[in-house]
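Worksheet: the structure to be examined is printed underneath.
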Amino acid sequence: MHIHVFSSEAELAEAAARRIVDRVRHDAEAVVGLATGSSPVAVYAAWGGQARAAGLDQSAVRGFALDEYLGLEPEDPRSYHAVIRRDAVAGAGLNPDLVRIPDGSGAPGAAAEYERAIRDAGGVDVQVLGIGRNGHLGFNEPGAAADSRTRIVELAEETIADNARFFDREDDVPTRAITQGLGTIFEARELLVIAVGSAKAAAVAAAIEGEETELVPASLLRNHANVHWFIDGAAAGDLSAVPATD
């Protein structure tokens with residue numbers, strides 16, 4: 001693992017974005033995996049800014065979102081369809097027609113079809129990830145199998161509580177979602193994990209220094225050959241050995 005610690009979220013975002021932009025420079029049809037949540041928003045904005053400054057043509061870049069709530073219409077502003085369009089597509093300057101988001105309708109075969117679409121695209125080149133306070137990746141909650149594939153899952157109470165800030169009340173948060181599995185995520189050629197703020201410190205420490213276990217899904221990242229952690233000082237606060245600040 002490569003662990004990069006930054007003194008500010010802005011510096012972190014610029015550094016993470018550079019890795020994505022470098023990939024697009026080398027492959028105009030690069031496939032980028034897109035995470036939702038608050039952590040990657042600044043990265044998407046920095047990515048778009050760097051691409052515009054360089055005059056980079058991103059019209060052929062393809063994207064696959066990690067997950068979607070079950071039961072929300074794509075037009076619902078709280079759906080991940082809406083979040084990806086707003087934060088990733090608009091922020092990074094992508095072609096919306098080339099960005100796929102899992103089908104949250106619960107339709108039979110939707111998960112298998114999403115797996116096929118990723119495979120047919122040649123797999124993900126760079127996967128952006130956040131990390132949940134319980135160590136989840138995507139919506140792979142503690143206990144998810146390391147070889148799991150895209151599927152419908154039940155959300156943990158902690159995840160529902162954390163995501164309640166995006167809804168009028170906690171009871172409005174969907175309790176199920178469709179998510180890429182850990183096995184799907186780990187097939188990406190490069191993983192960029194973004195963690196910002198002290199609320200993520202315990203999860204970051206457990207993932208990097210704790211026991212490697214499916215009870216902390218992010219700890220399984222250690223088995224991947226090309227993982228870059230981009231974390232700020234607050235998120236690094238519980239690490240026993242903090243790398244030098246980038």
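Residue numbers run from 1 in the order of the sequence given. Predicted, not measured: the structure shown is a model, and the values here were computed from it.
- Two residues are said to be in side-chain contact when any heavy atoms from C-beta on lie closer than 4.5 Å; V43 and I20 meet this criterion.
- For the atom pair CD1 of I160 and CG of D172, the computed distance is 12.0 Å after rounding to the nearest 0.5 Å.
- With hydrogens and angles disregarded, a donor-acceptor distance shorter than 3.5 Å links the side chain of Q50 to the backbone of E14.
- For the pair D147 and L182, the minimum side-chain heavy-atom distance is 4.5 Å or more.
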**Request:** Before giving the answer on side chain to side chain donor-acceptor pair (under 3.5 Å), spell out for N163 and E170 the whole-Å C-alpha distance, their side-chain angles and the decisive distance to 0.1 Å.
**Result:** CA-CA 8 Å; N163 290 355; E170 188 170 322; over 6 Å; no
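- Hydrophobic cluster membership is shared by L137 and L191, with clusters built from Ile, Leu, Val, Met, Phe, Trp and Tyr side chains linked at under 4.5 angstrom.
- Taking each heavy atom of A188 and Q127 in turn, the nearest pair found is CB-CB, 3.7 Å.
- Between V32 and V124 the shortest side-chain heavy-atom distance does not fall below 4.5 Å.
- In this structure, I152 is not a member of the same hydrophobic cluster as L155, with clusters built from ILVMFWY side-chain heavy atoms closer than 4.5 Å.
- A 4.5 Å side-chain heavy-atom check between V128 and Y44 finds at least one atom pair inside the cut-off.
- Once rounded to the nearest 0.5 Å, the distance linking CD of Q180 with CG of N140 reads 9.0 Å.
- Taking CD of E73 as the reference point, atom OG of S79 lies at 9.0 Å (rounded to 0.5 Å).
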**Stepwise side-chain contact (heavy atoms from CB on, under 4.5 Å) check, V196 with I231** = CA-CA 6 Å; V196 176; I231 56 182; over 6 Å; no
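- At distances below 3.5 Å, not a single donor-acceptor pair connects side-chain atoms of K200 with backbone N or O atoms of R133.
- Salt bridge R100/E113: present, at least one basic N to carboxylate O contact under 4.0 Å.
- Between L129 and I185 the shortest side-chain heavy-atom distance falls below 4.5 Å.
- In this structure, E68 contributes its side chain and H81 its backbone to a donor-acceptor pair below 3.5 Å.
- Interatomic distance, CG of D232 versus OG of S198, reported as 8.5 Å (0.5 Å rounding).
- Across all their heavy atoms, A17 and W47 have their closest contact at CB-N, 3.4 Å.
- Summarising the geometry of I84 relative to A65, their closest heavy-atom pair is CG1-CB, 3.9 Å, with the distance given to 0.1 Å.
- Atom CD of E154 has more than 12 neighbouring heavy atoms from other residues, nucleotides or ligands inside a 6.0 Å radius.
- Across V227 and L221, no two heavy atoms sit closer than the pair CG2-O, 3.5 Å.
- Pairing each heavy atom of L98 with each of S59, the nearest pair is CD1-O, 3.3 Å.
- Judged by distance alone, the side chain of R62 and the main-chain N or O of A121 form a donor-acceptor pair under 3.5 Å.
- Screening V24, D125, V31 for a side chain to side chain contact (heavy atoms under 4.5 Å, CB included) with V61, the sole residue that qualifies is V24.
- Looking at E209, its side chain does come within 3.5 Å of a backbone N or O of S240 through a donor-acceptor pair.
- Using a 4.5 Å cut-off between side-chain heavy atoms of Ile, Leu, Val, Met, Phe, Trp and Tyr, with links allowed through other members, L56 and L192 fall into the same hydrophobic cluster.
- Within a 6.0 Å radius of CZ in R176, other residues, nucleotides and ligands contribute 12 heavy atoms or fewer.
- V126 and V89 fall within the same hydrophobic cluster, defined by Ile, Leu, Val, Met, Phe, Trp and Tyr side-chain heavy atoms under 4.5 Å apart, directly or through other members.
- Considering every non-hydrogen atom in both A177 and F139, the closest pair reads CB-CD1, 3.3 Å.
- H228 contributes no side-chain N or O that, together with a main-chain N or O of H2, makes up a donor-acceptor pair within less than 3.5 Å.
- Of the possible polar contacts, one joining the R165 side chain to the D162 backbone as a donor-acceptor pair under 3.5 Å is found.
- Two residues are said to be in side-chain contact when any heavy atoms from C-beta on lie closer than 4.5 Å; L70 and P174 fail this criterion.
- Look at R19 and D22 and you find no salt bridge, because none of the NZ, NE, NH1 or NH2 atoms lies under 4.0 Å from a carboxylate O.
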**Message:** Applying side-chain contact (heavy atoms from CB on, under 4.5 Å) to T36 and D87, what does each step give before you reach the verdict?
**Reply:** CA-CA 8 Å; T36 51; D87 294 339; over 6 Å; no
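- Listed for the T179 side chain is no donor-acceptor partner under 3.5 Å among the backbone atoms of D67.
- Looking at R149 and E187, a side-chain N of the basic residue comes within less than 4.0 Å of a carboxylate O on the acidic one, giving a salt bridge.
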**Request:** With side-chain contact (heavy atoms from CB on, under 4.5 Å) as the test, would you mind laying out the steps for F6 and H4 before giving the verdict?
**Result:** CA-CA 7 Å; F6 299 85; H4 313 276; 3.4 Å; yes
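- T150 places no side-chain N or O within 3.5 Å of a backbone atom of E115 that could act as its donor or acceptor partner.
- The distance from atom CZ of F186 to atom OG of S148, rounded to the nearest 0.5 Å, is 8.0 Å.
- Looking only at side-chain heavy atoms (C-beta outward), W229 and V5 stay at 4.5 Å or farther from each other.
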**Asked** Given L220 and E214, is the side-chain contact (heavy atoms from CB on, under 4.5 Å) satisfied, shown in steps?
**Response** CA-CA 7 Å; L220 304 178; E214 291 179 347; 4.0 Å; yes
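- To the nearest 0.5 Å, atom CD1 of residue I101 and atom CG of residue L34 are 8.5 Å apart.
- V204 and I3 fall within the same hydrophobic cluster, where Ile, Leu, Val, Met, Phe, Trp and Tyr residues are linked whenever their side-chain heavy atoms come under 4.5 Å apart, directly or through other members.
- For the pair Q58 (side chain) and A92 (backbone), a donor-acceptor distance under 3.5 Å is present.
- If you look at Y69 and F166, their ring centroids are not closer than 6.0 Å.
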